[in-house]
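Index from 1, following the sequence.
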Amino acid sequence: MIAADAATEHVETGCCIVGGGPAGMMLGYLLARAGVDVMVLEKHADFLRDFRGDTVHPSTLEVIYELGLLDDFLQRPHQEVQELHGFVGKFETIVADFRFLPTQCKFIALMPQWDFLNFLAEHARGFPTFHLRMQADAKELIEADDRVVGIRAQTPAGSLEVRAGLTVGCDGRHSIIRQRAGLTVREYGSAIDVLWMRISRHADDPFVPLGRFNNGQIFVMLYRDQYWQCAYVIPKGGYDEIRQRGLEAFRQQILEISPFLGERVNELRSWDDIRLLTVKVDRLERWYRPGLLCIGDAAHAMSPIGGVGINMAIQDAVAAANLLAQPLREKALKNIDLHRVQRRREFPTWVTQRAQVFVQDRVMSRALSAQQALKPPRIVRWLRRWPRLRRIPARLVGLGVRPEHVHTPDAFA
């Protein structure tokens with residue numbers, strides 16, 4: 001239902017989702033499919049933003065399969081990764097082997113996030129209950145009687161006021177929604193930051209993702225067909241020191257740990273070709289208020305370790321849709337329904353974040369402080385000696401803790 005006056009456009013909907021990222025688009029799709037009227041507000045004009053997570057894990061692919069969209073998804077350009085490889089010094093091993101997962105897709109799909117979001121938007125638009133507003137920048141919560149009842153946003157055409165039975169913050173780790181809601185954030189710290197960059201790929205390069213640990217450096221390379229998406233891990237707050245040493249010194253550092261790149265490091269022509277990701281790990285103490293819920297990075301910022309952030313967001317969206325579709329459709333949403341979402345997703349989030357912080361503090365920090373060639377730790381030697389052990393990290397990374405499955409109905413089948 002839409003009305004307008006001279007200054008403001010007014011909209012009423014069952015659920016207003018702020019943020020068109022993985023959590024927001026998946027939740028919008030699932031709720032619309034279940035017959036809930038949904039509006040997704042995305043502040044940008046499109047999804048075309050680089051250096052975002054591009055890994056679609058088997059748990060997410062299983063959700064896509066359960067929705068009947070897998071064949072279409074796999075026809076889109078992507079790369080499939082069945083194994084993750086790691087180098088400690090010159091010692092190579094397979095860290096994770098996804099080929100034995102109990103899923104339809106026994107691999108990680110590498111796809112630019114904008115393609116994944118466009119895929120979800122394309123299919124969601126097939127439901128009459130789905131509405132996507134681009135260039136709608138949420139600014140304020142609308143509250144009445146201690147309850148959130150909607151959002152005020154700014155669009156190129158002017159102000160937009162959306163009244164909704166539920167407002168969901170899916171607007172990332174710098175969420176304006178959780179700030180405006182006054183929700184308490186607990187920080188868990190991070191010992192690392194990450195520099196992202198692209199380097200071209202040659203036909204005779206390896207074709208599997210590589211993680212290299214040596215001489216106080218960590219360098220991760222993700223195979224992306226025509227190029228490598230690279231992550232250079234640095235100590236927390238160490239970016240200014242790296243810049244002071246100069247770009248040529250940085251190129252030489254990359255060559256030292258990945259010499260096969262050769263002259264291609266010169267593709268890094270300026271610091272504009274290198275993006276800093278300030279790593280943070282945090283979690284809301286409470287994910288909701290009456291009329292409002294936060295999920296995905298807005299509820300819990302994840303470390304890039306394991307590349308699980310997108311997939312945790314998708315799992316949150318599936319759980320939220322499973323628990324909220326019926327009360328939203330019946331206009332009978334209660335606070336206990338929002339609490340059930342947090343209770344369902346808080347334990348998997350806690351376990352994953354604890355594991356990430358452990359790896360950051362106990363593995364990566366020590367690797368970055370090493371002054372000589374690293375010797376492979378015992379667990380790395382075990383992974384090489386007993387291949388069946390590789391299934392354990394594959395399950396933790398590929399499926400996570402308590403993966404979600406689609407239980408919402410298709411109201412338009």
Side-chain angles (χ1 to χ4, degrees), residues 17-19 21-27 52-53 55 57 59-60 113 138 141 148 166-194 233 236-237 277-324 335-365 396-404:
I17 298 171
V18 179
M25 292 305 299
M26 180 59 78
L27 180 60
R52 303 173 71 172
T55 55
H57 285 46
S59 59
T60 298
Q113 190 174 127
L141 299 177
V148 176
L166 175 66
T167 299
V168 185
C170 300
D171 50 338
R173 62 185 56 211
H174 304 296
S175 171
I176 189 69
I177 298 304
R178 77 181 189 184
Q179 292 177 24
R180 295 289 187 264
L183 298 174
T184 302
V185 183
R186 179 172 295 177
E187 301 275 352
Y188 295 94
S190 173
I192 62 168
D193 288 327
V194 177
V233 182
K236 170 63 68 176
L277 171 64
T278 301
V279 176
K280 62 189 301 186
V281 180
D282 66 32
R283 187 168 68 250
L284 292 177
E285 290 186 0
R286 191 172 69 169
W287 300 15
Y288 62 93
R289 280 181 49 192
L292 180 139
L293 173 70
C294 289
I295 63 172
D297 276 1
H300 47 74
M302 309 297 292
S303 165
I305 292 172
V308 298
I310 292 177
N311 303 282
M312 292 293 290
I314 294 291
Q315 298 292 299
D316 285 0
V318 175
N322 287 341
L323 292 165
L324 302 180
N335 230 32
I336 188 64
D337 299 313
L338 306 179
H339 174 70
R340 289 187 180 114
V341 176
Q342 178 173 348
R343 187 172 62 186
R344 174 72 188 178
R345 292 303 304 158
E346 192 165 32
F347 177 71
T349 302
W350 177 83
V351 172
T352 305
Q353 289 183 324
R354 286 290 295 267
Q356 289 182 326
V357 171
F358 177 86
V359 171
Q360 288 178 171
D361 294 347
R362 301 295 183 88
V363 179
M364 290 190 162
S365 288
L396 293 174
V397 171
L399 291 182
V401 178
R402 199 166 63 194
E404 304 290 344

So do the side chains of [X] and [Y] get within less than 4.5 Å of each other, counting heavy atoms only?
X	Y	answer
R344	N322	no
I176	Q179	yes
P304	V279	yes
R286	T184	no

Hey, could you give me the [atom1]/[atom2] distance between [X] and [Y], rounded to the nearest 0.5 Å?
X	Y	atom1	atom2	value
D361	I192	CG	CD1	9.5 Å
R289	T167	CZ	OG1	10.5 Å
H174	T278	NE2	OG1	7.5 Å
E285	R186	CD	CZ	4.5 Å
E404	I314	CD	CD1	12.0 Å
I305	Q360	CD1	CD	4.0 Å

Check for a donor-acceptor pair, side chain of [X] on one end and backbone N or O of [Y] on the other, with a separation under 3.5 Å.
X	Y	value
S59	P403	no
R173	A301	no
N311	H57	yes

Practice problem: Apply side chain to side chain contact (heavy atoms under 4.5 Å, CB included) to L183 and W287, showing your working. | Solution: CA-CA 7 Å; L183 298 174; W287 300 15; over 6 Å; no
Exercise. Let me see the working for R345 and H300 under side chain to side chain contact (heavy atoms under 4.5 Å, CB included), right down to the final yes or no.
Key: CA-CA 10 Å; R345 292 303 304 158; H300 47 74; 5.9 Å; no
What closest approach, in Å, do [X] and [Y] show between heavy atoms, and which atom pair accounts for it?
X	Y	value
S190	K236	O-CE, 3.3 Å
G237	D193	N-OD2, 3.0 Å
L166	L293	CD1-N, 4.2 Å
I177	C294	CG2-SG, 4.3 Å
V397	G306	CG1-O, 3.7 Å
I17	C170	CG2-SG, 3.8 Å

Quiz item: Would D171 and R180 pass as an ion pair if we require N to O under 4.0 Å?
Solution: no
Quiz item: Can you tell me if CZ on R354 sees more than 12 non-hydrogen neighbours from other groups inside 6.0 Å?
Solution: no
Exercise. Let me see the working for T349 and E346 under side chain to side chain contact (heavy atoms under 4.5 Å, CB included), right down to the final yes or no.
Key: CA-CA 5 Å; T349 302; E346 192 165 32; 5.6 Å; no
Quiz item: So among L27, D337, V168, which one has a side chain to side chain contact (heavy atoms under 4.5 Å, CB included) with L324?
Solution: D337
